[in-house]
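The structure appears below as structure tokens.
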Protein chains: 2
Amino acid sequence: MDRSQIVKLLQQHDVTPTRQRIEIAGYLYQRPQHLSAENILEGVNAEGHRVSRATVYNTMGLFTDKGLVREILIDRERIFYDTNRSEHYHVYDVDSGELHDVMQSEIEIAAVPKLPEGARIVDTNVILRVSSKS
Amino acid sequence: MDRSQIVKLLQQHDVTPTRQRIEIAGYLYQRPQHLSAENILEGVNAEGHRVSRATVYNTMGLFTDKGLVREILIDRERIFYDTNRSEHYHVYDVDSGELHDVMQSEIEIAAVPKLPEGARIVDTNVILRVSSKS
DNA sequence: CTGCTTGCAAAGGCTTTGCAGAACA
DNA sequence: TGTTCTGCAAAGCCTTTGCAAGCAG
């Protein structure tokens, strides 16, 4: 994704495209991936110090609000941000700590519980924890 | 659940029944509920007993390992412990912060993705985030 | 006795905040 | 120019840890 595409993407999501946000988004969308705030800080700054820790946290909070990324809460350690914007679920290997995507089509959620009056589902979160240990 | 039942439950789960653990378990199993570590600390100590913060954290970690409770990661704020030991899922109201149980029968997960060689699912985690705001 | 457990306080580690200066529209 | 954003350091907060004293079996 080149710079002008990123700018467009940010604008479409109602995010003012500053230099830092463009760099962070550029790093995130190199490929679909699962990153922590620290990963992002390191990755973006790998070519030289250009974005501060506070800005990474600010920006990821903003991107989450604006629907550019999804937070995944896997463990108590840290938040992961998922840059795969298509509907999908996760398989988490508790032995290795690896997190994998599962296409929506591989899991079928049938039936929907009754929700409070006027409520709608804003996010469907499915994590299968798997282990190879007995 | 009376004291002897709690002792038995702990022993069945391979947990040495100390005074603190019995008090914590007694508080947890008054009713199915979703509690944070701080909730538990306050709740247990409000009943006139005395358990330290470190012991609450220790104990909840142990109870989780032994399968007496389940950790629910809803937001970045804190961990909730679920004392409902039956299979079930959750609906989280993002507006109010309320967390509700959904019986397993209300959601159907059909099809299972292919897992790594020899892996098995140790936990199935489903959270529907709902909102009433436009 | 002998190894777990507990409790206190201090440390840890991720995340947020206050505020001054810089960038944006 | 008025607003928004950034960066630094400090603060916040939940959770863990080190270690001496206390219990369980």
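Note on naming: letters A, B, ... go to the chains in the order of the sequence lines (proteins, then strands), and numbering restarts at 1 for each one. All values derive from a computational prediction rather than experimental measurement.
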Please give, in whole Å, the distance from [N] [atom2] to [X] [atom1]?
X: Ile24(A); N: dG7(D); atom1: CD1; atom2: C1'; result: 12 Å
X: Leu35(B); N: dC14(D); atom1: CG; atom2: C1'; result: 16 Å
X: Phe63(B); N: dT5(C); atom1: CZ; atom2: P; result: 11 Å
X: Asp65(A); N: dC5(D); atom1: CG; atom2: P; result: 12 Å
X: Leu10(B); N: dG25(D); atom1: CG; atom2: P; result: 11 Å
X: Phe80(B); N: dT15(D); atom1: CZ; atom2: C1'; result: 15 Å
X: Glu23(B); N: dT6(C); atom1: CD; atom2: P; result: 11 Å
X: Ile22(A); N: dT4(D); atom1: CD1; atom2: P; result: 19 Å

Taking salt bridge (charged side-chain N to carboxylate O under 4.0 Å, His left out) as the definition, give me every residue that meets it alongside Arg3(B), ordered by chain and number, with sequence neighbours left out.
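Per chain and number, Arg3(B) pairs via salt bridge (charged side-chain N to carboxylate O under 4.0 Å, His left out) with no residue.
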Considering residues at least two apart in sequence or located in another chain, which fulfil the salt bridge (charged side-chain N to carboxylate O under 4.0 Å, His left out) criterion with Asp2(A)?
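Counting only residues at least two positions away or on another chain, Asp2(A) forms no salt bridge (charged side-chain N to carboxylate O under 4.0 Å, His left out).
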Point-to-point distance, once rounded to the nearest 0.5 Å, from CD1 of Ile79(B) to CZ of Arg70(B)
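It comes to 14.0 Å.
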Nucleotides 10-25 of chain C: protein proximity per nucleotide (B base, S sugar-phosphate only, - neither; heavy atom, under 4.0 Å)
----SBBB-------S
Report yes if a side-chain nitrogen or oxygen of Ser52(B) is closer than 4.0 Å to either non-bridging phosphate oxygen (OP1 or OP2) of dT6(C); otherwise report no.
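Looking at the OP1 and OP2 atoms of dT6(C), neither is under 4.0 Å from any side-chain N or O of Ser52(B).
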OP1, OP2 of dC23(D) versus side-chain N and O of Gln20(B): anything below 4.0 Å?
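Negative; the distance criterion is not met.
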Asp14(B)/Lys66(B) ion pair, N-O < 4.0 Å
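So Asp14(B) pairs with Lys66(B) through a salt bridge.
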Quick test of your reading of the model: are Glu23(B) and Arg50(B) salt-bridged, counting only N-O distances below 4.0 Å?
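Here Glu23(B) does not pair with Arg50(B) in a salt bridge, since their nearest N and O are not under 4.0 Å apart.
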Can Asp82(B) and His90(B) be counted as having a side-chain donor-acceptor contact under 3.5 angstrom?
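Looking only at side-chain atoms, His90(B) and Asp82(B) do form a donor-acceptor pair, the distance falling under 3.5 Å.
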